[in-house]
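All of these numbers come straight from a predicted model, not from anything done at the bench.
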Amino acid sequence: MTPKGTLIIIGGHEDKGVDGESLNIEKRREPTARPHLEILSALISNIPRAHHIIEIIATASAIPQEMEDIYRAAYKIAGFTKVDFMRIEHEEQGNDAMFVKRIEYSHAVFFTGGDQTRLTTTLANTKVLEATKKKYLADPNFIVAGTSAGAMAVPQHIITGGVIKEAIMKDDVRTGEGFDFIEGVIVDTHFVKRGRFGRLAHAVALNTGLLGIGLGEDTALIITNGNEALCEGSGMVIIIDGTDIGKNNANEVDATTPVVIENMKVHILAEGSKFLLKERKFV
């Protein structure tokens, strides 16, 4: 089923407009849009309703109160007064009828960064996640957004962890089940800053049916119809396509043999680029 809602995945460390929380990297220019504040602002401002409520879920974070303070300040700067937080730390809270009702009345749900495994295992079988999916599929004005771990958790298949070495070795990447808001992709974040190309390439080599999406910091993809991805922000997005991979020993090597991959395609997106995920091509 083609979702009617919009999905926003952010590479992490987005500029929140708060002292001490902006990116500390050199930029050649100032971006024309800031992931999640300006993007959400532009999208939500077009919703033909009286109240624009954003529900923020910080389950992935080990410091939810600090996260709440940062995001509340950030959204206030952006002009949002209807911002609420859901403290969901175990499955019982994720089945709370009041939380479900709040999802049904919201216009955006935002998953913060932290630990994607904590996020997915806590919410996996909850009514809150079920209600969010239902609304994402049915409501053309609804937005699901995630940054860092929150972005990594949204596909059906996710990276749950792994190590980064000079060579790609067996078991360097671990994968698991995510929220399944989108199929056919696997996402990694802080992609350029933390040197995660090998990790994502390894994940794609293990499952060539998946399209790898590496999100740079302060950079986002806005995905509509579950397929059309628009790049926004000051960094870049790396797309890794394993469709035409030739020689590939990722599923066969022992613990001492490096992985080799032939003919893996790489695309680079920057602000304003549009990419069709299912067709695996630029617009």
Side-chain angles (χ1 to χ4, degrees), residues 7-24 34-37 39-40 53-78 80 82-96 98-100 102-103 106 108-129 131-133 143-155 158-162 174-181 187-191 193-194 196 199 215-221 233:
L7 183 65
I8 301 176
I9 51 176
I10 306 164
H13 211 174
E14 67 278 8
D15 189 336
K16 304 176 184 70
V18 180
D19 289 343
E21 284 297 320
S22 297
L23 273 173
N24 185 27
R34 287 293 193 190
H36 92 260
L37 294 184
I39 291 171
L40 278 177
I53 301 171
I54 302 171
E55 292 286 356
I56 296 181
I57 300 176
T59 302
S61 177
I63 49 169
Q65 184 58 56
E66 290 88 338
M67 196 70 72
E68 179 175 334
D69 294 342
I70 289 169
Y71 278 99
R72 193 176 294 281
Y75 278 107
K76 183 177 180 181
I77 291 170
F80 291 111
K82 297 288 185 177
V83 179
D84 288 322
F85 288 79
M86 291 187 181
R87 287 288 186 90
I88 302 175
E89 298 177 359
H90 50 76
E91 187 173 336
E92 183 179 348
Q93 290 174 323
N95 290 318
D96 187 290
M98 182 59 68
F99 281 164
V100 172
R102 282 169 56 178
I103 293 291
S106 71
V109 171
F110 184 84
F111 297 103
T112 71
D115 183 333
Q116 61 270 23
T117 302
R118 180 191 295 120
L119 177 60
T120 54
T121 54
T122 303
L123 293 179
N125 300 306
T126 63
K127 292 180 180 179
V128 163
L129 183 61
T132 305
K133 285 184 179 180
I143 299 165
V144 175
T147 186
S148 189
M152 293 179 70
V154 298
I158 69 169
I159 294 173
T160 59
R174 299 186 300 275
T175 59
E177 294 185 6
F179 287 155
D180 197 16
F181 284 105
V187 176
D188 212 344
T189 56
H190 304 279
F191 192 70
K193 188 82 168 181
R194 299 186 185 177
R196 289 178 167 173
R199 185 167 84 164
L215 298 164
E217 294 185 345
D218 198 34
T219 307
L221 283 183

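Looking at Val83 and Tyr71, their side chains never come closer than 4.5 Å, going by heavy atoms from C-beta outward. In this structure, Thr189 and Arg196 have side chains that are in contact, with non-hydrogen atoms separated by less than 4.5 Å. Residues Arg87 and Glu68 meet the side-chain proximity criterion, which asks for heavy atoms closer than 4.5 Å. Looking at heavy atoms from C-beta onward, Ile8 lies out of side-chain contact with Phe110 at the 4.5 angstrom threshold. Between Phe111 and Val144 there is a side-chain heavy-atom pair separated by less than 4.5 Å. Between Leu123 and Ile57, some side-chain heavy-atom pair lies under the 4.5 Å cut-off. Counting heavy atoms from C-beta outward, Met152 and His190 have side chains that stay 4.5 Å or more apart. Using a 4.5 Å heavy-atom cutoff, the side chains of Glu55 and Phe99 are not in contact.
The minimum heavy-atom distance between Ile159 and Gln116, with the atom names listed, is O-NE2, 2.9 Å. Val100 approaches Ala131 most closely through the heavy-atom pair CG1-CB, 4.0 Å. The heavy-atom pair separating Met67 from Ala58 by the smallest distance is CG-CB, 4.2 Å. Between Leu119 and Ala60, the closest heavy-atom pair is CB-CB, 3.8 Å. Nearest heavy atoms, Ile10 versus Ala151: O-CB, 3.5 Å. Shortest non-hydrogen contact noted between Pro64 and Glu89 is CG-OE2, 4.3 Å.
Of the listed residues (Thr132, Ile88, Asn95), just one forms a side chain to side chain contact (heavy atoms under 4.5 Å, CB included) with Thr126, and that residue is Asn95.
Rounding to the nearest 0.5 angstrom, the gap separating the CZ atom in Arg102 from the CG atom in Asp84 is 5.0 Å. With values rounded to the nearest 0.5 angstrom, Leu7 atom CG is found 9.0 Å from Leu221 atom CG. Rounded to the nearest 0.5 angstrom, Thr59 OG1 and Gln93 CD are separated by 8.5 Å. The CD1 atom of Ile103 lies 11.0 Å from the CG atom of Asp96; values are rounded to the nearest 0.5 Å. Atom-to-atom distance recorded for Asp115:CG and Ser148:OG is 10.0 Å, nearest 0.5 angstrom. The line from NZ of Lys133 to CG of Asp180 is 5.0 Å long, rounded to the nearest 0.5 Å.
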Pair Leu129-Phe181, side chain to side chain contact (heavy atoms under 4.5 Å, CB included): steps then yes or no: CA-CA 10 Å; Leu129 183 61; Phe181 284 105; 3.9 Å; yes

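In summary, Glu217 and Lys193 do not engage in a salt bridge, as defined by a charged side-chain N under 4.0 Å from a carboxylate O.
In terms of modelled atom types and a separation under 3.5 Å, the side chain of Thr122 and the main chain of Arg118 share a donor-acceptor contact.
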